[in-house]
Amino acid sequence: MIKKSKLLIGSITLAAILSGCGTTGVQAPVVERQPTTTNTAAANDGRDRDPAFYTVKRGDTLLRIALEHGQNYRDLVTWNDLSNPNDIKVDQVLRVLPPNGDTGGAQTSAVVMAPPIETRPATPAVQKKTGPRGEKRPYSDATLAELRADGDAPAAKPASAAATTPAPAVVAAAPVPAAAASAAQSAGDDKIGWIWPTEGKVIATFDEGKNKGVDIAGKAGQPVVAAGAGKVMYAGSGIRGYGNLVIVKHSNSLLSAYAHNRSILVKEGQNVTKGQTIAEMGDSDADRVKLHFEIRQQGKPVDPSKFLPNR
């Protein structure tokens, strides 16, 4: 009898324990966290549509991006706070227009500096040399960027005392309407007065899909001259397919490019006059001796024959 009582009590206790374990208690809430990348992706997508920004694609280099947008690659380094101009990543968003809020298409890097109207010194707009010091590798975009950033081709000495005077502080002005800016820009472009950059037969004409300029045949060492007055924006061999290249900026929207030279006779930052010899014709990164000449408007290749005089 006692054994049966103990067995009964044990059974009741076990049932109570199992009942307690089977009871559903208060469960902790499960919170579904929404992805946090949506806003970032939307922001990047919006910036990509803004002409002031460019999204890096596979195979891009900073030098080529600068050329395609009519800018100096040093400016891109400064605007994007890049510590290493060789280290840009696919899908990275870069600013390609000046960070002054004006994205209407008018580029603001002046070629001809107006005389200062104030004597109060201001911080000169000196382009920073932020590239790393590294070993040299021939015919490499990265090598060229390193050489340029290292000061391998230093800027020419100022031609006049006025050029050495610090620029006056810039006073913020109201944004100029795009139409007015375009009209003023076109008026300045019309005053350049182009000439042919060298003598010789045109062996390839402009074809936007295949040839972004004109090719002119000649002899090795033949003079190559500036097609218009301006400022040397680039001098080197860092852009694949162009060999020894000189780029001259003539206005806020127009620049000219002279490729495949045997030697370069000017340096970045140097002011040049129309007709001044800037290089010697050659065949660097080309299949024959020739000058490849381009004119770019707002960074886009345009037909040089629409600017050059008949001959």
Side-chain angles (χ1 to χ4, degrees), residues 36-111 125-134 137 140-153 155 170 175 178 181 185 212 231-242 245 247-249 251-255 257 268-269 294 296-302:
T36 58
T37 58
T38 304
N39 292 338
T40 303
N44 287 341
D45 187 53
R47 292 181 102 193
D48 194 30
R49 293 194 187 98
D50 189 333
F53 295 94
Y54 172 80
T55 301
V56 178
K57 299 177 177 59
R58 187 176 299 278
D60 279 344
T61 65
L62 198 66
L63 288 171
R64 182 169 287 278
I65 293 171
L67 175 63
E68 294 296 332
H69 291 85
Q71 302 292 355
N72 189 317
Y73 97 95
R74 292 182 183 276
D75 289 334
L76 268 61
V77 169
T78 301
W79 298 340
N80 295 281
D81 194 24
L82 301 176
S83 59
N84 183 351
N86 304 325
D87 186 21
I88 57 175
K89 303 291 192 300
V90 174
D91 293 333
Q92 181 177 354
V93 178
L94 298 176
R95 174 177 283 279
V96 293
L97 289 180
N100 59 359
D102 179 12
T103 58
Q107 300 173 17
T108 58
S109 298
V111 173
V126 178
Q127 296 166 344
K128 297 180 181 178
K129 295 183 178 181
T130 56
R133 299 179 182 275
R137 296 177 297 277
S140 165
D141 293 343
T143 300
L144 217 298
E146 291 172 6
L147 293 176
R148 294 295 298 107
D150 259 348
D152 186 64
V170 179
Q185 180 176 291
K212 297 180 179 180
K231 189 172 186 177
V232 178
M233 190 174 76
Y234 179 78
S237 59
I239 302 180
R240 188 178 293 109
Y242 285 81
L245 172 68
I247 301 175
V248 177
K249 191 160 189 176
S251 71
N252 286 343
S253 61
L254 285 171
L255 59 81
E268 182 180 336
E294 294 182 9
R296 291 186 176 238
Q297 191 167 34
Q298 298 293 343
K300 304 301 180 184
V302 293

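Computed from heavy atoms alone, side chains included, the values below leave out hydrogens, waters and symmetry copies. This chain uses plain numbering: 1 for the first residue, then up along the sequence.
- The minimum heavy-atom distance linking Arg95 with Leu76 is given by the pair O-CG, 3.9 Å.
- By the 4.5 Å heavy-atom criterion applied to side chains, Gln92 and Leu82 are counted as neighbours.
- Pro301 and Lys212 make their closest contact through CB-O, 3.7 Å (heavy atoms, listed as atom of the first residue, atom of the second, distance).
- Pairing each heavy atom of Asp91 with each of Thr55, the nearest pair is CA-CG2, 3.6 Å.
- The structure places NZ of Lys300 at 12.5 Å from CD of Glu294, a figure rounded to the nearest 0.5 Å.
- Between atom CG of residue Asn80 and atom CD1 of residue Ile88 there is a gap of 9.5 Å, rounded to the nearest 0.5 Å.
- By the 4.5 Å heavy-atom criterion applied to side chains, Pro85 and Arg74 are not counted as neighbours.
- Closest approach of Val96 and Pro51 over heavy atoms only: CG2-O, 3.6 Å.
- Here the side chains of Tyr54 and Glu68 are not in contact, with every heavy-atom distance at 4.5 Å or above.
- Taking CG from Asp75 and NE2 from His69, the interatomic distance works out to 13.5 Å, rounded to the nearest 0.5 Å.
- Going from atom CG of Leu97 over to atom CH2 of Trp79 covers 6.5 Å, rounded to the nearest 0.5 Å.
- In terms of modelled atom types and a separation under 3.5 Å, the side chain of Arg240 and the main chain of Arg64 share no donor-acceptor contact.
- Atom CG of Leu63 is separated from atom CD1 of Ile239 by 5.5 Å, given to the nearest 0.5 angstrom.
- At least one side-chain heavy atom of Lys249 sits under 4.5 Å from a side-chain heavy atom of Gln71.
- Of all the heavy atoms in Leu255 and Met233, the pair that sits closest is CD2-CE, 3.7 Å.
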